[in-house]
**Q** 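Got a structure for you, written out below as structure tokens; questions coming shortly.
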Amino acid sequence: PSTFQFLLKASAKSKSLTQTTQLHSKTTKLGFDSHIFLQNALLNCYCMSRQLNVARLLFDEMAQRDAVTFNTLVHGYAELGDMFAASQIFSQIPAPNVICWTTMVVGFSDRGDVSAARRFFDAMPDRDVASWNAMISSYVQNQQPMQALHLFRHVQAANFKPNSVTIACALSACASIGALDTGKWIHGFLSKNDFRLDPVLGTALIDMYSKCGGVEWALDVFRKLHEKNSSTWNAMINGLAMNGHGKQALDLFDKMKGCGNVRPDEVTLVGVLLACSHGGFIEEGRKHFYFTAKEYNISLLVQHYTCVVDLLARHGLLNEAEEIIRNMPIQPD
RNA sequence: GUUUCGCAAUAGCUG
């Protein structure tokens, strides 16, 4: 059974329906139907490969169901954006646990329905840190940063221990409204409480300082940070670029290329092009748009076209900009 | 079965 558990986990990750179907028939043949954790894993596989009709059949046939069974199916529907079906299953659960409630909050939030998310959040019999994070994140994701910070203050007031996810969300909210004082306060809070400065928190701090007009503090965090991933570099490159330090941003991009363990990605290229645009580096911008993208296997998205068109048009090269728009292989927006 | 389920940071233009 543990072998199957392992295989099913891999199958869920790869979202391969054929593999799932094979594993399904094998578990049945071997008489593992009574192992509820294997049935749940199978259910999850069908959900991950977006076969909710098959998942539903399996669910209906299952001899026994536990909390994970219900949660897996609710999550499956929520992931597809079918909150109607998710609600239907949810309402059949005798006593949904905190995970299931949180799944509903996230599901509504991902559909952009913050008020429904909030209704479920308020109705929860008990909440843990992930539930609070889900609701705070919901406000951040749906551009209601003030509400996010308001809820974050509730976490503080209730003497509830935030974790690094809570902090990252709150910093993101500060960044989007330029709340430097609150951002600094949070920075102090996480230092005082011995939060480990991992790449996620580091990135959130760099982004917050950059967007609140404190690019020097952002650089300070960046330099002191031990672990950096590509998002960390991206946040710093973008931070420099949007604060008018185009040259420094491009220098940092060179360092990023040289450091080895991070790959420049789509977000990096946006920052690099932005830096060129703000610094007036036209030739360098062309170079990055045409060659850097190829070199690092970065797919050119509409954002990249916007940046390069902006770069050219801003410097009077209207014909070239128009030519690029005409020859775009993707739909211009 | 040290798990089968929930929460996370970085992106352009119009501005």
Side-chain angles (χ1 to χ4, degrees), chain A residues 1-6 8-9 12 35-45 47-48 66-76 78-79 96-107 109-110 117 121 124 127-138 140-141 162-175 197-208 210-211 218 222 228-239 241-242 265-278 301-311 313-314 321 332-333:
Chain A
S2 60
T3 312
F4 275 90
Q5 185 187 7
F6 176 79
L8 284 166
K9 203 172 179 175
H35 292 74
I36 192 160
F37 70 96
L38 285 184
Q39 296 292 96
N40 288 338
L42 265 172
L43 188 66
N44 188 39
C45 286
C47 289
M48 294 294 281
D66 64 6
V68 175
T69 317
F70 286 108
N71 295 353
T72 303
L73 193 61
V74 167
H75 184 237
E79 280 275 274
N97 68 12
V98 64
I99 294 178
C100 205
W101 280 97
T102 306
T103 304
M104 292 298 285
V105 170
V106 175
S109 170
D110 287 346
F121 179 78
M124 292 175 74
R127 306 174 186 89
D128 64 10
V129 68
S131 332
W132 285 94
N133 294 347
M135 196 61 234
I136 293 172
S137 159
S138 171
V140 175
Q141 236 67 45
N163 64 13
S164 66
V165 176
T166 325
I167 302 291
C169 287
L171 286 171
S172 172
C174 293
L197 221 51
D198 63 11
V200 173
L201 274 185
T203 304
L205 279 172
I206 290 164
D207 182 55
M208 182 277 292
S210 298
K211 288 181 179 157
F222 184 80
K228 302 178 175 78
N229 62 21
S230 51
S231 296
T232 319
W233 288 89
N234 293 346
M236 196 64 251
I237 290 170
N238 269 295
M242 70 182 134
D265 62 13
E266 284 70 17
V267 182
T268 320
L269 187 59
V270 172
V272 167
L273 294 172
L274 182 65
C276 294
S277 187
H278 288 190
L301 309 174
V302 69
Q303 287 96 323
H304 300 116
Y305 283 93
T306 312
C307 287
V308 81
V309 165
D310 178 64
L311 164 69
R314 211 178 272 279
D333 66 0

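Remember, predicted model here, so these are calculated numbers, not experimental data. The chains referred to below are lettered A, B, ... by the order of the sequence lines, with proteins before strands, and numbering in each begins at 1.
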**Q** Hey, does the side-chain of A:Asn229 have a donor or acceptor N/O within less than 3.5 Å of a partner on the base of B:rA9?
**A**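 Answer is yes: a donor-acceptor pair is held.
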
**Q** Which pair of non-hydrogen atoms, one from A:Leu8 and one from A:Cys45, has the smallest distance, and what is that distance?
**A**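 What the structure gives for the nearest pair is O-SG, 3.2 Å.
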
**Q** Does A:Thr102 get its side chain close enough to the base of B:rG6, under 3.5 Å, for a donor-acceptor pair?
**A**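 Such a pair exists between side chain and base.
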
**Q** Let's see if you can work this out: which of B:rG12, B:rU4, B:rA9 has an atom nearest to the side-chain heavy atoms of A:Ala204?
**A**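 Among B:rG12, B:rU4, B:rA9, the one nearest the side chain of A:Ala204 is B:rA9.
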
**Q** So, is A:Lys228 close to the B:rA9 phosphate, meaning a side-chain N or O under 4.0 Å from OP1 or OP2?
**A**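 False: A:Lys228 side-chain N/O out of range (4.0 Å or more) of B:rA9 OP1/OP2.
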
**Q** For the side chain of A:Ser137, starting at C-beta, report the closest nucleotide among B:rA8, B:rC5, B:rG12.
**A**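 Nearest listed nucleotide: B:rA8.
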
**Q** Taking the same atom, C1', in B:rC5 and in B:rG1, what whole-Å distance lies between them?
**A**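 Here B:rC5 and B:rG1 have their C1' atoms 14 Å from each other.
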
**Q** Do the side-chain N or O atoms of A:Gln303 get closer than 4.0 angstrom to the phosphate oxygens (OP1, OP2) of B:rA11?
**A**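 Checking A:Gln303 against B:rA11: no side-chain N or O falls below 4.0 Å of OP1 or OP2.
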
**Q** Using the side-chain heavy atoms of A:Asn44, tell me which of these nucleotides is nearest: B:rA11, B:rC5, B:rC13.
**A**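 Looking only at side-chain atoms, A:Asn44 lies closest to B:rC5.
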
**Q** For B:rG1, take OP1 and OP2 only and decide whether either is under 4.0 Å from a side-chain N or O of A:Gln39.
**A**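 No, A:Gln39 has no side-chain N/O under 4.0 Å of OP1/OP2 on B:rG1.
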
**Q** Minimum heavy-atom separation for A:Thr102 and A:Met124, please, with both atom names.
**A**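 So the minimum-distance heavy-atom pair works out to OG1-CE, 3.8 Å.
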
**Q** Nearest heavy-atom pair of A:Val106 and A:Ala134: which atoms, and what distance?
**A**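 Taking every non-hydrogen atom into account, CG2-CB, 3.8 Å.
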
**Q** When you get a sec, tell me which of B:rU10, B:rC5, B:rC13 is the closest nucleotide to the side chain of A:Asp310?
**A**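 So the side chain of A:Asp310 is nearest to B:rC13.
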
**Q** In whole Å, I'd like the distance from the CE atom of A:Met236 to the P atom of B:rA9.
**A**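 Between P of B:rA9 and CE of A:Met236: 19 Å.
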
**Q** Please tell me which of the listed nucleotides, B:rG12, B:rA11, B:rA9, lies nearest to the side chain of A:Ala168?
**A**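 Among the listed nucleotides, the one closest to the side chain of A:Ala168 is B:rA9.
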
**Q** Once you apply a heavy-atom cut-off of 4.0 Å, does A:Gln141 come out as touching a base, just sugar-phosphate, or nothing?
**A**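 Touches sugar-phosphate only.
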
**Q** Of the nucleotides B:rA11, B:rA8, B:rA9, which has the atom closest to the A:Leu301 side chain?
**A**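 It is B:rA11.
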
**Q** In whole Å, I'd like the distance from the CH2 atom of A:Trp132 to the C1' atom of B:rG6.
**A**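 Taking atom C1' of B:rG6 as the reference, CH2 of A:Trp132 is at 17 Å.
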
**Q** Given atom CD1 of A:Ile36 and atom P of B:rG1, what is their separation to the nearest angstrom?
**A**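 Between P of B:rG1 and CD1 of A:Ile36: 16 Å.
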
**Q** Tell me what A:Ser277 touches on the nucleic acid: a base, only sugar-phosphate, or nothing, going by heavy atoms under 4.0 Å.
**A**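 It contacts nothing in the nucleic acid.
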
**Q** Does a side-chain N or O of A:Thr103 approach OP1 or OP2 of B:rC7 to a distance below 4.0 Å, or not?
**A**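 Negative; the distance criterion is not met.
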
**Q** Heavy atoms only, 4.0 Å cut-off, all strands: where does A:Ala134 land among base, sugar-phosphate and nothing?
**A**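 Sugar-phosphate contact only - A:Ala134 comes under 4.0 Å of backbone atoms but never of a base.
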
**Q** Record whether the side chain of A:Ser231 comes under 3.5 Å of the base of B:rU10 through a donor-acceptor pair of N or O atoms.
**A**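 In this structure, the two groups form a donor-acceptor pair.
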
**Q** Which of these nucleotides, B:rU14, B:rC7, B:rU10, is closest to any side-chain atom of A:Lys211?
**A**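 From the listed options, B:rU10 comes nearest.
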
**Q** Roughly how far, to the nearest 0.5 Å, is the CG atom of A:Asn238 from the CD1 atom of A:Ile206?
**A**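 Nearest 0.5 Å value for the CD1-CG distance: 11.5 Å.
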
**Q** Of the listed nucleotides (B:rG6, B:rC5, B:rU10), which one gets closest to any side-chain atom of A:Asn71?
**A**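 For A:Asn71, the side-chain atoms sit closest to B:rC5.
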
**Q** From C-beta outward on A:Ser172, which listed nucleotide comes closest to its side chain: B:rA8, B:rG1, B:rA9?
**A**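 That would be B:rA9.
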
**Q** Would you name the heavy atoms of A:Leu38 and A:Gln5 that are closest together and state the gap between them?
**A**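 Nearest heavy atoms, A:Leu38 then A:Gln5: CD2-N, 3.6 Å.
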
**Q** Please state whether the base of B:rG6 and the side chain of A:Asp128 form at least one donor-acceptor pair under 3.5 Å?
**A**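 Side chain to base: pair present.
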
**Q** Taking 4.0 Å as the cut-off, does a side-chain nitrogen or oxygen of A:Thr232 come that near to OP1 or OP2 on B:rU10?
**A**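 Result: no.
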
**Q** Are the aromatic ring centres of A:Trp101 and A:Phe121 under 6.0 angstrom apart?
**A**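 No, they do not, as the ring centres are separated by 6.0 Å or more.
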
**Q** To the nearest angstrom, how far is A:Leu273 atom CG from B:rA11 atom P?
**A**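 Interatomic distance, CG of A:Leu273 to P of B:rA11: 15 Å.
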
**Q** Between B:rC7 atom P and A:Asn97 atom CG, what is the distance in whole Å?
**A**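 Spelled out: CG on A:Asn97 to P on B:rC7 is 13 Å.
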
**Q** To the nearest Å, how far apart are A:Leu8 CG and B:rG1 C1'?
**A**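 The distance from CG of A:Leu8 to C1' of B:rG1 comes to 13 Å, rounded to the nearest Å.
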
**Q** Looking at every heavy atom in both A:Gly271 and A:Ile237, which two are closest together, and how far apart are they?
**A**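 Smallest heavy-atom distance, with atoms named: C-CG2, 4.1 Å.
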
**Q** Just how far, in rounded Å, is C1' of B:rC5 from CG of A:Asn40?
**A**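 That distance rounds to 8 Å.
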
**Q** Could you state the CD1-P distance from A:Ile167 to B:rU10, rounded to the nearest angstrom?
**A**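 Distance check: A:Ile167 CD1 to B:rU10 P gives 15 Å.
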
**Q** Is the shortest side-chain N/O distance from A:Arg127 to OP1 or OP2 of B:rG6 below 4.0 Å?
**A**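 The answer is no; no side-chain N or O of A:Arg127 sits under 4.0 Å from OP1 or OP2.
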
**Q** Between B:rA9, B:rU10, B:rG6, which nucleotide has the shortest distance from any of its atoms to the side chain of A:Val267?
**A**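 Closest nucleotide to the A:Val267 side chain: B:rU10.
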
**Q** Look at all strands and tell whether A:Val68 reaches a base, only sugar-phosphate, or nothing, counting heavy atoms closer than 4.0 Å.
**A**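 The residue A:Val68 makes base contact.
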
